[in-house]
There are 2 protein chains.
Amino acid sequence: MTDPKRADARRNRDQLLAVARESFAEHGTATSLREVARRAGVGIGTLYRHFPTREALLETLLSDRFDTLRQDAVDLAGEQDQRTALLHWISRVAAGAGTYRGLPESVRTALRDHDSRLHDSCDAMRRAGGDLLRAAQRAGTVRADATIEDLLAAATGIAWASENSADPAALTARLLDYLMHGLAIGDR
Amino acid sequence: MTDPKRADARRNRDQLLAVARESFAEHGTATSLREVARRAGVGIGTLYRHFPTREALLETLLSDRFDTLRQDAVDLAGEQDQRTALLHWISRVAAGAGTYRGLPESVRTALRDHDSRLHDSCDAMRRAGGDLLRAAQRAGTVRADATIEDLLAAATGIAWASENSADPAALTARLLDYLMHGLAIGDR
DNA sequence: ACCTGAACACCGTTCAAGT
DNA sequence: ACCTGAACACCGTTCAAGT
């Protein structure tokens, strides 16, 4: 599925992904798959052959995102101010989840569903984020009772709350600010 | 639309509302309207005659909710501890928005859409909640830069984040706790 | 090895025909 | 004044027939 052998199949797959990316961006994750196939110039059956579910299509488009976020967490672990590092990371998670309309919903599912094909990269990201959180907790600047699961749920919820708002980025920033104040210990 | 004159029409309307309430509770707000009509024992056209859109049906089922929340805010305004009063109120908003799967989405829309038929009761609720917020801000126990719009967005987002989780009420409670810590000034 | 599109089972919504 | 359900235009998904 990941790497078709025939050249025409590879072309179809690439074309489908390109069109899907555009369609998701334009109409959100609920965009018509028939329409995607049409615009990609392939039969609907071809779409289903390459991507058996809508989630599979989305997963392929987003597979590198979780890896990037994991790497971000690792990089940020070197920062002086652990709490700020955590804030930066959570902001990126929220921004990533807000890329497409409907995407927060998919991310919420991926985070919970152990059978998701994204589960591995999702889990790796969660672990790296957890390390970041624990570092800040050890430094005594973030509440000890906070969990990475709660933080990811909050970030996803913030991305969702900002969907379709007048100024999504601004609303996300304000809600993240509340969240981080809520997590903070000490100077504020 | 609100009060049909013929007895059979009133019966149909009541029956549709009863079935819709069940269906929304069981399958979420995206439940099949055809199925609702079928289970109510009426033609699909009858459903559309009484409720021209899915939102109209939902609005009728929820119209008293916003009024109740408004009244809650008025009642809570008498409390000693203004911050706790605000917390209680926001908790009720979140709980209300989490009643059905998909409801947070409708509430998000209603809060933003000035053309919604719920807009008036929605606005009344917002104003009452705003009074509660400002009282706490005047008391100096809640951040002065917080807005009622942000709080409602946060509460709706928390309800959404808790949908389908293992223990929705517990997750909602934890996220509300972060939010309220984030809003708090002074002792924590 | 892969593509195609008809076929099936569903939708939401409208509207002419009824009572 | 209200009800009905066929009709229309869409879906997602599967699968037999092709190349």
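Proteins get letters first, then strands, A, B, ... in listed order; numbering begins at 1 in each. Computation of the quantities below employed the complete heavy-atom set of this structure, encompassing side-chain atoms and omitting hydrogens, waters and symmetry-equivalent molecules.
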Side chain of [X] - closest among [options]:
X	options	value
B:D8	C:dC3, C:dG12, D:dC3	D:dC3
B:P4	D:dT13, D:dC3, D:dC2	D:dC2
A:A9	C:dT13, D:dT13, C:dC2	C:dC2

Backbone N or O of [Y] within a donor-acceptor pair of the [X] side chain at under 3.5 Å?
X	Y	value
B:S165	B:S162	yes
A:R143	A:L183	no
B:T31	B:G28	no

Which is more 5' along DNA chain D, the nucleotide nearest A:G45 or the one nearest A:S32? Just name the residue.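 Comparing both residues, the 5'-ward one is A:S32.
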If you assign each of B:I44 and B:R6 to its closest nucleotide in DNA chain D, which residue comes earlier from the 5' end?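 The answer here is B:R6.
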Pairing donors with acceptors under 3.5 angstrom, does anything connect the side chains of B:T29 and B:R54?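 No, because no side-chain N or O of B:T29 sits under 3.5 Å from a partner of the opposite role on B:R54.
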Rounded interatomic separation in angstrom, taking [atom1] from [X] and [atom2] from [N]:
X	N	atom1	atom2	answer
B:D14	D:dC2	CG	P	13 Å
B:K5	D:dC3	NZ	P	14 Å
A:Y48	C:dA7	OH	P	18 Å
A:Q15	C:dC2	CD	P	18 Å
B:R11	D:dA1	CZ	P	18 Å
B:L47	D:dT4	CG	C1'	13 Å
A:R10	C:dC3	CZ	P	12 Å
B:F51	D:dC3	CZ	P	11 Å

When you measure from the centre of the six-membered ring of A:W160, is the NZ or CZ of A:R101 closer than 6.0 Å and no more than 45° off the axis?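 No, cation not above the ring by the 6.0 Å, 45° rule.
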Just call it for B:R38: base, sugar-phosphate, or nothing, with non-hydrogen atoms closer than 4.0 Å on any strand.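 Result for B:R38 = sugar-phosphate.
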Sugar-phosphate only, base, or nothing, as touched by B:T46 at under 4.0 Å among non-hydrogen atoms: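 Base contact.
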Please state whether the phosphate of [N], meaning OP1 or OP2, lies under 4.0 angstrom from any side-chain nitrogen or oxygen of [X].
X	N	value
B:N12	D:dC3	yes
A:H50	C:dC3	yes
A:R54	D:dG12	yes

Counting only Watson-Crick pairs (N1-N3 plus N6-O4 or O6-N4) and G-U wobbles (N1-O2, O6-N3), all under 3.5 Å, who is the partner of D:dT4?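 C:dA16 is the nucleotide pairing with D:dT4.
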Watson-Crick or G-U wobble partner of C:dC10, both distances under 3.5 Å: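 By the stated definition (distances under 3.5 Å), nothing pairs with C:dC10.
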Is any side-chain N or O of B:R49 under 3.5 Å from a base N or O of D:dT4, one able to act as donor and the other as acceptor?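 Answer is no: no donor-acceptor pair is held.
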Select from A:V42 and B:A30 the residue whose nearest nucleotide in DNA chain C is closer to the 5' end of that strand.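 Nearest-nucleotide comparison on DNA chain C picks A:V42.
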Count the heavy atoms of every other residue, nucleotide or ligand shown that sit under 6.0 Å from NE2 of B:H119, and state whether that count exceeds 12.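 It does: B:H119 NE2 has more than 12 such atoms within range.
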